[in-house]
Amino acid sequence: MMEDIDCSIFCVARTEGSIARVNHAATVVSGFIYTFGGYSNSLAEAYTVPISGWIRRIPIDVHIIDPETLRCTALPSTARSEGQNPAAVPYMRYGHTVCTVRANPSEISNSSEDSMQSGSNNHVVSYSIDNTISCVVLWGGRSDVMGSSNAVHVYDPRRRRWFLPRVRGSIPAPRDGHSSCVVRDRWMYMFAGYDDEIGALTNTLYVLDVANWMWRLVDTTGAPPLWRDFHTATPIGDLVYVFGGRMEGIIAEEYYDNNMTIFNTVSRAWSKPRNVGDIPCGRRSHTAVRIKDSDNIYIIGGYNGLQKRHFNDVHRFNTKLLRWNRVNVLGMEAPCPRRRHACVAAGGYGRIILFWGTSPIDSDNRPITISDDEEDDLNLTERNDTFVFEFLPSLYSLAKLAVVRYGLPVKSLPRSIQHDISANC
């Protein structure tokens, strides 16, 4: 694969000025990036109980990012749209997950949220990938006003409508800080997070079959990762690769794991290969991204509360060699150290888009230390920037980088190229 040529990646574009969010959730549908919710100081109304005590359910917002132009567009809220069941629209939240799945729209109903969560409906359907469309499944997350959720919300990007499928089976308790990923376009695996029912971190593993919307608690063998939150889970074939997160209780009051643990969805067995290579330190609130048809997983950024350090490093885990490598970031100035950002592969093969998140005020392009408590958000700032990485940049991308690096005149260039350089470089 092209990214195997060496351990380098080029930062080829950067833009600022869109919305600023942290702990948002993003996925790719039909080549476009859909990002849902997240926390922002500008959205205090959604996360603060008013003095009157009257709680207003604020619907989650949805934005689309064009991976070519990096333009971010807010979609109109559907909560009051004709034909939209208001209960199907998730409330504003953070710490949730979204996954793109193939689902049959005729089998998704507009039931109420209460009946959806009860699991009492024995609705079973036949499943054929031929009559499915790409939908987004949103699960979990919390709001300081509404609490955490275990409702399954399905978003249809074609109609821009939310639906509540009639789920059944062993429904997980409400939680946030978990991970979700989809295996073979059909099974959504949900792991760990903060469980509201037990009031603690957990390491339980559930799977949701989108063919019949049935939840199942997975009975596994081997040693699972310790209970944790804000880790990542990346699927490749029948395997799920879990990395990082924050753990509490068994080893120390707070602990950060830097092992890659692998779950085989066929044998239902956990395994932990020996850590080899340029191993990243443990962290949480990082991102993990994989290029389609590649054997590599890329870990970017994150935070270690024991070291009180934010990161902007990039590490590659090769799933065939089971080996880590540190990746050099070339080209434009790399993103500043951050956590709670989003990162997806979009806009062509070998392209990664990283956007938003939070970082210490006055941070520069090195892992840094902050002296105050890790959760003191007065020391943090919300980011509204977006970055594009390419493993083998095009001649056009390299030419833009040269113009910026050497301060070359642009007046003789076509206006479209002038605009591209000024907007994204």
Side-chain angles (χ1 to χ4, degrees), residues 24-30 32-38 57 59-64 75-93 95-141 146 148-169 171-172 174-176 178-190 206-216 235:
H24 45 296
T27 188
V28 177
V29 183
S30 301
F32 289 89
I33 304 168
Y34 286 75
T35 180
F36 299 80
R57 179 188 172 109
I60 200 167
D61 57 8
V62 183
H63 292 78
I64 297 180
L75 295 182
S77 174
T78 64
R80 299 182 182 274
S81 301
E82 182 178 355
Q84 173 68 74
N85 174 11
V89 181
Y91 54 79
M92 196 66 180
R93 65 189 67 191
H96 52 295
T97 56
V98 293
C99 295
T100 301
V101 303
R102 300 290 300 180
N104 189 333
S106 65
E107 302 299 342
I108 304 174
S109 67
N110 270 326
S111 58
S112 69
E113 187 166 353
D114 290 339
S115 64
M116 186 284 305
Q117 293 188 57
S118 69
S120 61
N121 189 290
N122 295 321
H123 188 54
V124 183
V125 300
S126 60
Y127 184 80
S128 170
I129 198 72
D130 295 331
N131 61 356
T132 61
I133 63 172
S134 292
C135 297
V136 178
V137 174
L138 182 149
W139 195 85
M146 303 296 296
S148 60
S149 171
N150 67 345
V152 175
H153 298 270
V154 179
Y155 183 73
D156 181 354
R158 300 183 312 166
R159 291 181 284 176
R160 297 183 179 177
R161 290 287 187 272
W162 288 96
F163 301 93
L164 287 171
R166 299 182 185 275
V167 303
R168 60 194 186 104
I171 300 174
R175 67 182 68 186
D176 71 290
H178 56 285
S179 63
S180 294
C181 66
V182 175
V183 173
R184 303 297 186 188
D185 286 324
R186 175 171 175 176
W187 293 279
M188 187 182 83
Y189 284 84
M190 188 278 296
Y206 287 82
V207 61
L208 174 67
D209 186 347
V210 302
N212 53 24
W213 302 106
M214 174 176 281
W215 280 108
R216 176 168 53 86

Going by the rule side-chain contact (heavy atoms from CB on, under 4.5 Å), which residues pair with [X] if we only count those two or more places apart in sequence or in a different chain?
X: Val29; result: Thr27, Tyr34, Thr100, Ser134, Val136, Pro157
X: Ala25; result: His96, Val98
X: Val28; result: Ile33, Val344, Ala346
X: Pro235; result: Cys181, Val183

Discussion item. With rounding to the nearest 0.5 angstrom, report the CG to CE distance, Asp61 to Met92.
Written reply: 3.5 Å

Residue pair [X] / [Y]: nearest heavy atoms and the distance that separates them:
X: Trp187; Y: Val207; value: CB-CG2, 3.7 Å
X: Val167; Y: Ile171; value: CG2-CD1, 3.8 Å
X: Leu164; Y: Val152; value: CD2-O, 3.3 Å

Fill in: With Ser180 via side chain to side chain donor-acceptor pair (under 3.5 Å) - residues at least two apart
Thr97

Item to complete: Can you sort out the partners of Ser179 under side chain to side chain donor-acceptor pair (under 3.5 Å), two or more places apart, ordered by chain and number?
Response: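 Scan of Ser179 (side chain to side chain donor-acceptor pair (under 3.5 Å), adjacent residues dropped) gives His231.
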
Worksheet item: Pick one: which of Val154, Asn85, Val89 meets side-chain contact (heavy atoms from CB on, under 4.5 Å) with Trp162?
Response: Val89

Discussion item. Please check this pair: side chain of Asp156 against backbone of Cys135, looking for a donor-acceptor N/O pair closer than 3.5 Å.
Written reply: no

Discussion item. Main chain of Gly38, side chain of Arg93: is a donor-acceptor contact present, judged purely on distance under 3.5 Å?
Written reply: no

Worksheet item: For the rings on Tyr155 and Phe163, is their centre-to-centre separation under 6.0 Å?
Response: no

Discussion item. Going by ring-ring contact (aromatic ring centres under 6.0 Å, His included), name the residues that satisfy it together with Trp215, two or more places apart in sequence or in a different chain.
Written reply: Trp139

